[in-house]
Amino acid sequence: MPELPEVEVVRRGLERWVSGRTVAETEVLHPRAVRRHTAGGEDFAAQLKGHTIGTARRRGKYLWLPLADTDASILGHLGMSGQLLVQPESAPDEKHLRIRIRFADTLATELRFVDQRTFGGLSLHENTPDGLPDVIAHIARDPLDPAFDDAAFLTALKLRRTTVKRALLDQSLISGVGNIYADEALWRSRLHYERPTATLPRPRAIELLGHVRDVMNAALDVGGTSFDSLYVNVNGESGYFDRSLDAYGREDEPCRRCGTPIRRRPWMNRSSYFCPRCQRAPRVVS
DNA sequence: ACCTGATCCTGAGAGC
DNA sequence: TGCTCTCAGGATCAGG
């Protein structure tokens with residue numbers, strides 16, 4: 001599943017291969033892929049036609065493409081299984097091709113949104129004065145954003161009456177952290193996922209934020225170098241996950257710090273992986 | 001106002 | 001072999 005570093009790789013690919021091109025025709029092949037566009041697929045296609053794509057931008061796991069000479073942007077989210085591909089027009093359709101955007105030039109490539117589980121999608125929205133699609137105005141900056149406000153995040157964390165992993169996944173506090181990187185950052189910080197945020201000393205919170213950034217940057221270094229062709233792709237295949245995960249997906253395997261078997265616990269209809277020795281459960285569990 | 005937990009989807013893989 | 005069951009998860013939003 002694409003996490004923030006993979007989405008950033010996609011953004012760079014879009015900037016290189018799609019920005020500056022003018023939309024000729026859009027084909028919506030599955031209504032669920034444009035469900036956030038309430039006016040529907042036909043309207044989505046009609047509104048894109050003839051507009052030139054501006055510089056690709058990203059916040060957390062959201063991507064957007066401003067349309068030049070308008071106050072609107074194409075907003076994209078890859079969800080669980082989405083891919084944005086720049087393919088030759090002659091390439092056969094992918095099995096789960098949902099949206100096709102053709103361009104008014106002679107490059108003979110097109111942009112394709114492919115998504116098996118259809119948690120992701122594209123839509124068109126007005127921009128806020130900040131140049132952000134209005135429907136993601138509530139999404140906090142991500143920790144790799146130079147303008148991310150560390151002090152404000154630490155304060156908000158302290159005020160919340162919730163648990164630390166839940167806070168890491170709260171898009172209004174910090175964006176772009178998914179289940180995998182949350183578990184990885186907590187393992188590095190030796191924090192249990194159910195630790196109440198209110199009891200977290202400030203130095204531990206600072207350390208946690210640092211580990212979130214470290215995990216993301218490490219993945220970005222790996223994934224960011226593999227992109228070098230006429231192919232915008234993301235499928236969690238940076239190679240980083242196989243080699244470098246310390247907690248996520250390692251149930252019953254020894255903790256790389258202390259050798260204790262990693263445990264998996266059901267959590268919010270998914271799983272949390274942790275070392276029961278390095279990451280002690282809080283005394284009072286809500 | 002804040003917090004919780006159900007929900008959308010489809011294919012891989014396990015178990016029988 | 002083929003069927004059924006479980007699991008994966010981001011982000012939203014109803015309901016407490």
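This is a predicted model, so every value here is computed, not measured. Residue numbers start from 1 in every chain, and the chains themselves are labelled A, B, ... in the order their sequence lines are given, proteins ahead of strands.
Using a 4.0 Å heavy-atom cutoff across all strands shown, A:Asn269 reaches at least one base atom of the nucleic acid. Heavy atoms of A:Arg36 sit under 4.0 angstrom from primed sugar atoms or phosphate atoms, though from no base atom. Nucleic acid contact for A:Arg166: base, since at least one base atom lies under 4.0 Å from a heavy atom of the residue.
Remark: side-chain polar atoms of A:Arg11 are paired, donor with acceptor, to backbone N or O of A:Ala56 under 3.5 angstrom.
Side-chain to base pairing of A:Arg270 with C:dG10: one donor and one acceptor N or O lie within less than 3.5 Å of each other.
Figure legend: A:Arg256 and A:Trp187 shown without cation-pi pairing, the cationic atom not lying both under 6.0 angstrom from the six-membered ring centre and within 45 degrees of its axis.
Taking atom CG of residue A:Leu78 and atom C1' of nucleotide B:dT10, one finds them 17 Å apart after rounding to whole Å. Rounded to whole Å, the distance from CG on A:Asp170 to P on C:dG10 is 13 Å. A:Glu94 places its CD atom 18 Å from the P atom of B:dT10, with the value rounded to the nearest Å. Here the P atom of nucleotide B:dC9 and the CZ atom of A:Arg32 are 5 Å apart, to the nearest Å. The distance between atom CG of A:Leu169 and atom C1' of C:dG10, rounded to the nearest whole Å, is 9 Å. Nucleotide C:dT12 holds its C1' atom 12 Å from the CZ atom of A:Phe119, rounded to whole Å. With rounding to whole Å, A:Leu173 atom CG is found 14 Å from C:dT12 atom P. The distance between atom CE of A:Met268 and atom P of C:dA11, rounded to the nearest whole Å, is 13 Å.
A donor-acceptor contact closer than 3.5 angstrom is absent between the side chains of A:Gln83 and A:Glu94. At a cut-off of 3.5 Å, with distance as the only test, no side-chain donor of A:Arg195 or A:Ser189 sits close to an acceptor on the other residue. Under 3.5 Å, the side chains of A:Arg160 and A:Thr197 contain no donor-acceptor pair of N or O atoms.
A:Asp183 and A:Tyr273 make their closest contact through OD2-N, 2.9 Å (heavy atoms, listed as atom of the first residue, atom of the second, distance). Closest of all the heavy-atom pairs between A:Gly249 and A:Glu253 is O-OE2, 4.1 Å. Scanning both residues, A:Arg112 and A:Pro92, for their nearest heavy atoms gives NH1-O, 3.1 Å.
Closest approach to the A:Arg117 side chain among B:dG5, C:dG10, B:dT10 is made by B:dT10 (side chain taken as heavy atoms from C-beta onward). Considering only side-chain atoms of A:Lys61, the nucleotide from C:dA11, B:dC3, C:dA8 that sits closest is C:dA11. Side chain of A:Ser271, nearest nucleotide from C:dA11, B:dC9, C:dA8: C:dA8. Each of C:dG10, C:dT12, B:dC8 was ranked by its minimum atom distance to the side chain of A:His138; first place goes to C:dT12. Each of B:dC9, B:dG11, C:dT12 was ranked by its minimum atom distance to the side chain of A:Lys95; first place goes to B:dG11. Checking C:dT12, C:dG10, B:dG11 against the side-chain heavy atoms of A:Met80 singles out C:dG10 as nearest.
Contact annotation: A:Gln116 does not reach the phosphate of B:dG11 (side-chain N/O to OP1 or OP2, under 4.0 Å). Taking 4.0 angstrom as the limit, A:His30 places none of its side-chain polar atoms (N or O) nearer than this to OP1 or OP2 of B:dC9. Note on A:Tyr62: a side-chain N or O is less than 4.0 Å away from OP1 or OP2 of C:dT12. Phosphate proximity of B:dC2 to A:Thr162: absent, as no side-chain N or O sits under 4.0 Å from OP1 or OP2. Phosphate contact (OP1/OP2 of B:dG11, side-chain N/O of A:His96, threshold under 4.0 Å): present.
Between the axis at the start and the axis at the end of the helix from B:dC2-C:dG16 to B:dC16-C:dG2 there is an angle of 50°, using five pairs per end and rounding to 10 degrees.
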